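Below, chains carry the letters A, B, ... as their sequence lines are ordered, and counting in each starts from 1. A quick note: this is a predicted structure, and the numbers were derived from the prediction, not measured.
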2 protein chains.
Amino acid sequence: MDGRDFGRELSTAVVAFHEAVGARLGVTAVDQRALALIAGKGPLSAGELAKEINLTPGAVTGVADRLERAGLVRREPDPGDRRRVVLSAVPGAFGQVFAGLGAAMGELTARYSPQEQQVIADWVVRTVDVLKEQTRLLSEIGKNAPDRT
Amino acid sequence: MDGRDFGRELSTAVVAFHEAVGARLGVTAVDQRALALIAGKGPLSAGELAKEINLTPGAVTGVADRLERAGLVRREPDPGDRRRVVLSAVPGAFGQVFAGLGAAMGELTARYSPQEQQVIADWVVRTVDVLKEQTRLLSEIGKNAPDRT
DNA sequence: CATTTTAGTTCAGTGTACTGAAATATCGAG
DNA sequence: CTCGATATTTCAGTACACTGAACTAAAATG
């Protein structure tokens, strides 16, 4: 098993898991990426989110609707500018869905020695960087339409 | 960084990458899971694939159409039973899309010692198992509709 | 052979997420 | 206080994948 196959199996399993989560909660893959952004970068306004995920404002309303209905984000008017709507992740809600996974992963990780955990953490961090870079490349090249007949 | 966060960042990056690939090739997330199945389990008939990914035969025709158009699978009549259509992964085609990723991952993995690679491989395998198990759990529970008002 | 069963495609209908434009509400400048 | 600019929502129209049923072709059964 080399680096390639690592990725293949793992990424298939990850995608399948996300699909299951999405089906369970009634949110799309895009919604989940939006949630990850909100959770990661802190509260975002609808407009900021629209730019980040490259969607029209109208579509973002839909994203926010679904995430709010699933109990994953809160939608609050910005006290400083009441035109704005600030989306923030509901603390713990994300974790609640991923509770089973989080627990299982914690348990799994605990079975490795601290040095081993260090190696794994290092690999994951670097893998994430690689994925981000490759995603960026794909998106840029992807601006030429895929060749169809 | 503990086991939970491993998963979060990594899985977000994986999903984003898959979305980019899908957009580039004009295939859906489901199509990609189908491709992974075909590549992993060897050639499958349309009917077998339908059972595996829980889709109607009609939908599978669409999956096969898109994968074939993207040059990722071949569609050939089964010589032993000419009603059947066998879907097989086009060798290298998958790799061509994932070439950049594969190369980068190979390079990344090579930077670890054999023992470290062993640890990583072990962790990945177990993580895949955990993901599959959690996906299964979600899908089963998910048969109760998500609670909506 | 005739008949039934099985495999896959085609097609009409449905659901859903996206775009683009109009509507609503609030801010900031003069 | 008025007016133009900005943020979000609403809404009609569009695109697309899925279901279920009808259809075509080939195999198995008697």
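For B:V30, whose side chain is taken as the heavy atoms from C-beta onward, the closest listed nucleotide among C:dT19, D:dA26, D:dC18 is D:dC18. Listed candidates were C:dC18, C:dT19, D:dA27. Nearest to the side chain of B:R82 is D:dA27. Here the side chain of A:T56 is nearest to one of D:dT19, C:dT9, C:dT19, namely C:dT19. Among the nucleotides C:dC27, D:dA7, D:dA17, the one closest to the side chain of A:D81 is C:dC27. The side chain of B:P57 approaches C:dT9 more closely than any other nucleotide in the set D:dT19, C:dT9, C:dT26. Side-chain proximity of B:R83 to the nucleotides C:dC18, C:dA7, D:dC18 is greatest for C:dA7. The nucleotide whose nearest atom lies closest to any side-chain atom of A:A59 is, among C:dC27, D:dA26, C:dC18, C:dC18. Of the candidates D:dT8, D:dG20, C:dA17, the closest approach to any side-chain atom of A:A46 belongs to D:dT8. Side chain of A:V63, nearest nucleotide from C:dC18, D:dT9, C:dT19: C:dC18.
Between the P atom of C:dT16 and the CG atom of A:D65 lies a distance of 14 Å, rounded to the nearest Å. Atom P of nucleotide C:dG20 and atom CG of A:L55 are separated by 11 Å, given to the nearest angstrom. What separates CG of B:L67 from P of C:dT9 is a distance of 13 Å, to the nearest Å. One can place CG of B:D31 at 7 Å from P of D:dC18, the figure rounded to the nearest angstrom. Atom P of nucleotide C:dT16 and atom CZ of A:R69 are separated by 9 Å, given to the nearest angstrom. Rounded to whole angstrom, the span from the CG atom of B:L44 across to the P atom of C:dA7 amounts to 14 Å. Rounded to whole Å, the distance from CG on B:L87 to C1' on C:dG8 is 11 Å. For the pair B:R84 CZ and D:dT24 P, the interatomic distance rounds to 23 Å; values are reported in whole Å.
Take the nearest nucleotide of DNA chain C for B:G58 and for A:P79: the residue whose nucleotide is more 5' is B:G58. DNA chain C is contacted by both A:N54 and B:K51; B:K51 maps to the nucleotide lying nearer its 5′ end (nearest heavy atom per residue).
Residues A:W123 and B:W123 come closest through the heavy atom pair CZ3-CZ3, 4.0 Å. Of all the heavy atoms in B:L49 and B:A34, the pair that sits closest is CD1-CB, 4.0 Å.
Using modelled atom types, no side-chain atom of B:Q134 and backbone atom of B:L131 make a donor-acceptor pair closer than 3.5 Å. Looking only at distances, a side-chain donor or acceptor of B:E116 sits under 3.5 Å from a matching main-chain atom of B:S113.
Between D:dA7 and A:S45, no contact under 4.0 Å exists linking OP1 or OP2 to a side-chain N or O. Taking 4.0 angstrom as the limit, A:R66 places a side-chain polar atom (N or O) nearer than this to OP1 or OP2 of C:dA17. Close to D:dC16, at under 4.0 Å from its OP1 or OP2, lies no side-chain N or O of B:T28.
Nucleic acid contact for B:G62: none, since no nucleic acid atom lies under 4.0 Å from a heavy atom of the residue.
The residues B:R83 and B:D78 are annotated as not salt-bridged, no charged nitrogen and carboxylate oxygen being separated by less than 4.0 angstrom.
If you take NE2 on B:H18 and CG on B:D31, they are separated by 12.5 Å, rounding to the nearest 0.5 Å.
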